[in-house]
*Asks:* 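Mind looking over this structure? Questions follow.
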Amino acid sequence: MDKAFVVLNCLVTRPLSLAEVVEATKIPRATCHRLLAALEHHGAVRRNNEGLYCLGPTLSGLGRGAAVQFPFLERAREVATELRDRTGESVQVFVAETDGRRCIVSLESPNGLRWIVPEGALFPLNRGSAGRALSGAKPSPQGWIESVEERVKGVASVSAPVVDAHGAVIAALSVSGPLERMSNSPGAKFGGLVVRGARTLSEFLSA
């Protein structure tokens, strides 16, 4: 099961060949091929027109079911949409998962030049403003955490933690985009809006 999820995680960003899946996962080729065949049988993986492996239709149904059973996801998407419309930049919501952070909501900027994060993508906790927000890093006095080219060159972001009624960090709300628009001080530019959005989600969790 663990290896199957490692394979699925590596397919979130783009379709891959068997050799690329082996390289990305470090799973032996024969084992990797068996896992892909089993996942394909259950519809969790499929082949595209080029014969590359990509995520399958079964996962869409599971995602819709999770959204129905996870009301926070729907509210997070509403808050993220409002934040995207107000900032004009890409907005994401992340939750901690094992030793990383999973993107559960991702809305693209309407600008031609934009930073795109696929929903379902898994990133490290130790880099990027959202990762640090989820790992308990101390925010600024205004409540936000910013990063400039910390994980990806040319990209800046500002995030704020979303907490439950007990003060535990449940998620991180983030605005990210090209450095030329976000500037070297993304917190000063969008931090207030991000903090207000995170506070709205925290109030939803505490209701």
Side-chain angles (χ1 to χ4, degrees), residues 9-14 24 63 72-164 167-205:
N9 283 331
C10 84
L11 294 175
V12 168
T13 304
R14 64 182 179 88
F72 173 76
L73 185 61
E74 181 179 357
R75 187 67 181 115
R77 191 172 295 279
E78 293 171 352
V79 171
T81 298
E82 181 179 353
L83 185 58
R84 188 272 312 275
D85 293 345
R86 295 193 66 180
T87 63
E89 298 296 345
S90 298
V91 176
Q92 302 86 34
V93 179
F94 294 92
V95 295
E97 181 178 310
T98 59
D99 57 350
R101 54 185 169 103
R102 178 81 64 182
C103 179
I104 61 171
V105 174
S106 181
L107 300 175
E108 294 182 16
S109 164
N111 292 291
L113 179 61
R114 58 187 181 270
W115 173 237
I116 300 173
V117 176
E119 288 189 3
L122 188 65
F123 296 116
L125 277 174
N126 61 350
R127 285 180 292 167
S129 62
R132 289 191 282 118
L134 285 169
S135 58
K138 186 177 180 180
S140 70
Q142 295 80 19
W144 43 259
I145 295 174
E146 66 179 4
S147 67
V148 177
E149 298 187 305
E150 189 172 306
R151 196 178 67 82
V152 178
K153 185 174 178 58
V155 175
S157 68
V158 54
S159 303
V162 176
V163 301
D164 63 13
V169 178
I170 301 300
L173 179 64
S174 181
V175 170
S176 59
L179 183 59
E180 63 185 59
R181 288 200 309 269
M182 295 291 290
S183 81
N184 285 312
S185 301
K189 189 167 187 178
F190 294 129
L193 291 172
V194 174
V195 169
R196 284 196 287 276
R199 188 177 299 127
T200 296
L201 290 176
S202 297
E203 292 169 353
F204 176 81
L205 289 173

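Just so you know, these numbers come straight off a predicted model, no measurement behind them.
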*Asks:* Roughly how far apart are Arg101 CZ and Ser174 OG, rounded to 0.5 Å?
*Replies:* 7.5 Å
*Asks:* Closer than 4.0 angstrom, basic N to acidic O: yes or no for Arg75 and Glu78?
*Replies:* yes
*Asks:* Once rounded to the nearest 0.5 Å, what's the spacing between atom OG of Ser90 and atom CG of Leu107?
*Replies:* 8.5 Å
*Asks:* Locate the shortest heavy-atom distance separating Val91 from Thr87; write the atom from each residue and the value.
*Replies:* CG2-OG1, 4.4 Å
*Asks:* Could you tell me whether the side chain of Ser202 and the main chain of Val163 form a donor-acceptor pair under 3.5 Å?
*Replies:* yes
*Asks:* Got a donor-acceptor contact below 3.5 angstrom from the Arg84 side chain to the Glu108 backbone?
*Replies:* yes
*Asks:* How long is the gap from CG on Leu83 to CZ on Arg86, to the nearest 0.5 Å?
*Replies:* 8.5 Å
*Asks:* Rounded to the nearest 0.5 Å, what separation is found between the CD atom of Glu149 and the CE atom of Met182?
*Replies:* 12.5 Å
*Asks:* Tabulate below the donor-acceptor pairs under 3.5 Å that side-chain atoms of residues 120-137 make, not counting sequence neighbours, or state none.
*Replies:*
residue: Ser129; atom: OG; partner: Ser157; partner atom: OG; Å: 2.6
residue: Ser129; atom: OG; partner: Ser159; partner atom: OG; Å: 2.6
residue: Arg132; atom: NE; partner: Glu150; partner atom: OE2; Å: 3.2
residue: Arg132; atom: NH2; partner: Glu146; partner atom: O; Å: 2.5
residue: Arg132; atom: NH2; partner: Glu150; partner atom: OE1; Å: 3.2
residue: Ser135; atom: OG; partner: Gly131; partner atom: O; Å: 3.0
residue: Ser135; atom: OG; partner: Arg132; partner atom: O; Å: 3.2

*Asks:* Drop me the distance from Ile104's CD1 to Gln92's CD, to the nearest 0.5 angstrom.
*Replies:* 11.5 Å
*Asks:* Output a table of donor-acceptor pairs, distance under 3.5 Å, between side-chain atoms of residues 187-201 and any protein atom two or more places apart or on a different chain; print 'none' if there are none.
*Replies:*
residue: Lys189; atom: NZ; partner: Arg181; partner atom: O; Å: 2.4
residue: Thr200; atom: OG1; partner: Arg196; partner atom: O; Å: 3.1

*Asks:* Minimum heavy-atom separation for Ser183 to Ala156, with atom names?
*Replies:* O-CB, 4.0 Å
*Asks:* Between Ser109 (side chain) and Gly88 (backbone), is there a donor-acceptor pair under 3.5 Å?
*Replies:* yes
*Asks:* If I take atom NZ from residue Lys153 and atom CG from residue Leu179, how far apart are they, to the nearest 0.5 angstrom?
*Replies:* 9.0 Å
